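One structure is given below, encoded as structure tokens.
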Amino acid sequence: MSDDKKLTTRAEDFSAWYNEVVLRAELADYSPVRGCMVIRPSGYGIWERMQRALDDMFKATGHQNAYFPLFIPESFLHKEAEHVQGFAPETAVVTHGGGKELDEPLVVRPTSETIIYSMFAKWVQSYRDLPILINQWANVVRWEMRTRLFLRTLEFLWQEGHTAHVTHDEAEEEARKILGLYSDFMEGWMAMPVITGQKTESEKFAGALRTYACEAMMQDNRALQAGTSHNLGQNFAKAFNLTFQAENGEIAHAWNTSWGVSTRLVGALVMTHGDDNGLRIPPLLAPTELVIVPIWKSDDERGRVLETARRVYDSLRDWERREPNRLRVHLDDRESMKPGAKYYEWELRGVPLRMELGPRDIDKNQCVLVRRDTRAKATASLDSVGEDVETLLEAIQDDMVAAALDRREKNSHRGPITYDRFRQLMDGEGGFVYAGWCGDPACETTVKEDTKATIRVMPDEEFRSAEPPRTCVRCGRPSTTEALWAKAY
RNA sequence: CGGGGCGUAGCGUAGCCUGGUAUCGCGCCUGCUUUGGGAGCAGGAGGUCACCGGUUCAAAUCCGGUCGCCCCGACCA
């Protein structure tokens, strides 16, 4: 990079752009351990806001937080056949403790179904003990071959919900409810619209009956799985003797669900909203919503401007209209940097709204407000700037989701499509293709080999095409289901 | 694990082919002048050239090995 002030552009190299934004916006950094990353305060601040929003949603739907151990007896993983097949190859295993070899190796959890359902089995006797609705915020480890900041690291942070129910239908309702909750969060808070639907057999969670997922489109037109919700059926209940006595006296196995989103969402945020100047954080998730940049020339002016800036800062921070969640405002009073340099820095960091305040503004009792998403400038009276800030932040949040939706739809393809055209798309611009599928896993595999595209989901009704596809995009046989095809992360 | 690239100051780099005092930019420190879109000038600090071994009077440079990182594939939140 000849000009190391400028980012590589998305068009030049999307992958390089992504890495640069994450590093230079100080969201994360590489660690001394291969494949592991350090989440820095700017990145963790976003995750904390995500956590808070999601946690409130979980609590509002009756879930409680708990915490289960990091270590899982190796034998637990083997109790559910598909589960061990799916996860065993990518586990980290502890063989020694306190200088001695362990009798039974401990697996560092790649996910916690086994240990959690073993405990549920201990706690449940009667149908009256159900449902159990548990969530935990935790770290998990999966020994991936290839890693990328936030998108795939050996260790990552997530939440995993685990529930147990009396009936299949109740578990199904729970899995679906959470999928909807995730979708609402991603659209409402992250300004990232998603397609929801069911995964095919080949893509479903190891050990699940059915997997539902939220799929988002990144700016390089690839799909990112942003969250999953599984109906586990009775598979784990049977493996861990999670039984209860029903109302009629019979012993039955419980029905489970599990569901999770991870710090991958921070990466999704970058790839959904970032531009060639850096990050753009939707206001609801921004650790700082508004940054005030004072401008002065002489010492005399500096005193005057800073005094006003501090007054504005105090009044906005304590603004009662924003109780109980105070406006997250920062005053950048660093003296060694020119205003322009500060603008670039805050734009890189993605702060949604900037206030410029100089002598000329103060003379007119006004300030300049600049949106990060559009870089549009507007003046506002200092007497009522709170209202303007509030209005703009809401507009930014709304416009960001609208822009993301618009981008996704522009790069989505519906209607009859030949396999040649499909291959051409996947080879070039990419995007989401809604096309028919005969239901044969062989076609799925062939398409993947030919194009690297996979069925992301069999979309839910609201996302399906008005005219259902008639034939399988690969083989031409009658379509049994509409599928969303795309290259994925 | 296969293919490619790369390890030189906090970051980014030149030098390596053809061995001989460590290059430049950003950042950092001090001072002065600056501050409405990435400040200027002057002075200054900062390096076991990834590691180990070999060749040589002499190695960042040549040879052998090791480790690590990034990118592209096969696997995945």
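Given the structure is predicted, the values throughout are model-derived calculations rather than measurements. Every chain is numbered from 1, with letters handed out A, B, ... down the list of sequences.
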**OP:** For RNA chain B, produce a single dot-bracket line, 5' to 3'. Pairs: Watson-Crick or G-U wobble, both distances under 3.5 Å. Symbols: ( ) within strand, [ ] crossing, | other strand, . unpaired.
**Re:** (((((((..(((.......[...))).((((((.....)))))).....(((((..]....))))))))))))....
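Ring geometry, F236(A) versus F240(A): the interplanar angle falls under 30°, so the pair is classed parallel (tilted spans 30 to 60°). Between F205(A) and H83(A), the ring planes lie tilted relative to each other; the angle falls in the 30° to 60° range.
The six-membered or imidazole ring of W346(A) lies near that of H330(A), with a centre-to-centre distance under 6.0 Å. Here F120(A) and Y117(A) bring their ring centres to under 6.0 angstrom of each other. Here the two rings, on H230(A) and Y212(A), have centers that are 6.0 Å apart or farther.
H78(A) pairs by the ring-ring contact (aromatic ring centres under 6.0 Å, His included) definition with nothing, not counting sequence neighbours. Residues satisfying the ring-ring contact (aromatic ring centres under 6.0 Å, His included) criterion with W255(A), sequence neighbours excluded, are H168(A). Looking at residues two or more places apart in sequence or on another chain, you find no ring-ring contact (aromatic ring centres under 6.0 Å, His included) involving H273(A). Residues meeting the salt bridge (Lys or Arg N to Asp or Glu O under 4.0 Å) test with E462(A), sequence neighbours left out: none.
OP1 or OP2 of rC71(B) has at least one side-chain nitrogen or oxygen of N19(A) nearer than 4.0 Å. Distances shorter than 4.0 Å separate some side-chain N or O of K338(A) from OP1 or OP2 on rG36(B). Phosphate contact (OP1/OP2 of rC75(B), side-chain N/O of K448(A), threshold under 4.0 Å): present.
Spacing of P atoms, rA74(B) relative to rU55(B), comes out at 46 Å, to the nearest Å. For the C1' atoms, the distance linking rC24(B) with rG15(B) amounts to 11 Å, nearest Å. Distance check on atom C1': rA9(B) versus rU66(B) gives 25 Å, rounded to whole Å. The C1' atoms of rG31(B) and rC69(B) are separated by 41 Å, rounded to the nearest whole Å. Between rC41(B) and rC17(B), the two C1' atoms lie 41 Å apart (nearest whole Å). On the C1' atoms, rC52(B) is 27 Å away from rG10(B), given to the nearest whole Å. Of the P atoms belonging to rC71(B) and rU56(B), the separation is 42 Å, rounded to the nearest Å. Comparing the C1' positions of rC49(B) and rU61(B) gives a spacing of 10 Å, expressed to the nearest Å.
Side chain of A341(A), nearest nucleotide from rC1(B), rG37(B), rG38(B): rG38(B). For R302(A), taking side-chain heavy atoms from C-beta onward, the closest of the listed nucleotides rU35(B), rC76(B), rC70(B) is rU35(B). Picking from rG37(B), rC76(B), rU35(B) the nucleotide with the shortest atom distance to the side chain of K297(A) gives rU35(B). For R148(A), the listed nucleotide lying nearest its side chain is rC71(B); candidates were rA77(B), rC71(B), rG37(B). The listed nucleotides are rU35(B), rG37(B), rC76(B); the one nearest the side chain of R354(A) is rG37(B). Of the candidate nucleotides rA77(B), rG37(B), rC76(B), rC76(B) has the atom lying nearest to any side-chain atom of E90(A). Of all nucleotides listed (rC70(B), rG36(B), rC76(B)), rC76(B) comes nearest to the side chain of R142(A). Candidate nucleotides rG36(B), rA77(B), rG37(B) were compared by shortest atom distance to the side chain of V368(A), and rG36(B) ranks first. Checked against rA77(B), rA74(B), rG37(B), the side chain of M145(A) finds its nearest nucleotide in rA74(B). Closest contact between the side chain of K6(A) and the listed nucleotides rG38(B), rA74(B), rU35(B) involves rG38(B).
Of the two residues contacting RNA chain B, namely S31(A) and K204(A), the nearest-nucleotide position lying further toward the 5' end is that of S31(A). Nearer to the 5' terminus of RNA chain B, by closest-nucleotide assignment, is the contact made by L348(A) (compared with the other of A488(A) and L348(A)).
Rounded to a whole Å, the OH atom of Y489(A) is 11 Å from the P atom of rC71(B). Whole-Å rounding puts the E82(A) CD to rC76(B) P distance at 13 Å. Taking atom CD of residue E345(A) and atom C1' of nucleotide rU35(B), one finds them 15 Å apart after rounding to whole Å. Between L7(A) atom CG and rG38(B) atom C1' the separation is 13 Å, expressed in whole Å. Rounded to an integer number of Å, the gap from E335(A) CD to rU30(B) P is 14 Å. Here the C1' atom of nucleotide rG36(B) and the OH atom of Y344(A) are 13 Å apart, to the nearest Å. A straight line from CE of M190(A) to C1' of rA77(B) spans 13 Å, rounded to a whole angstrom. Across the protein-nucleic acid pair, L357(A) atom CG and rU35(B) atom P stand 17 Å apart, rounded to whole Å.
The stacking criteria are not both satisfied for Y343(A) over the base of rG37(B), which would need a centre-to-centre distance under 5.5 angstrom and an angle between ring planes under 30 degrees. Ring-to-base geometry does not place W158(A) in a stacked arrangement with rA77(B) (centre distance under 5.5 Å, plane angle under 30° required).
One N or O donor and one acceptor, one from the side chain of E347(A) and one from the base of rG37(B), sit under 3.5 Å apart.
Residue-level contact check: G358(A) touches the bases, meaning some heavy atom is under 4.0 Å from a base atom. Across all strands, P89(A) comes closer than 4.0 Å to no nucleic acid atom at all (heavy-atom distances). L151(A) comes within 4.0 angstrom of a nucleotide base, judged by non-hydrogen atoms across all strands. The residue E144(A) sits close to a base: some heavy atom pair falls under 4.0 Å. Residue R334(A) is out of contact with every strand shown, counting any heavy-atom pair closer than 4.0 Å.
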For residues 191-200 of chain A, which side-chain donor-acceptor pairs fall under 3.5 Å, sequence neighbours excluded?
| unit_1 | atom_1 | unit_2 | atom_2 | d |
| --- | --- | --- | --- | --- |
| T196(A) | OG1 | D460(A) | OD2 | 2.7 |
| K199(A) | NZ | E215(A) | OE2 | 2.8 |
| K199(A) | NZ | Q225(A) | OE1 | 2.8 |
| K199(A) | NZ | R456(A) | O | 2.9 |
| T200(A) | OG1 | S202(A) | OG | 3.2 |
| T200(A) | OG1 | E444(A) | OE2 | 2.5 |

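Using a 4.0 Å cut-off between charged side-chain N and carboxylate O, R372(A) and D275(A) make a salt bridge.
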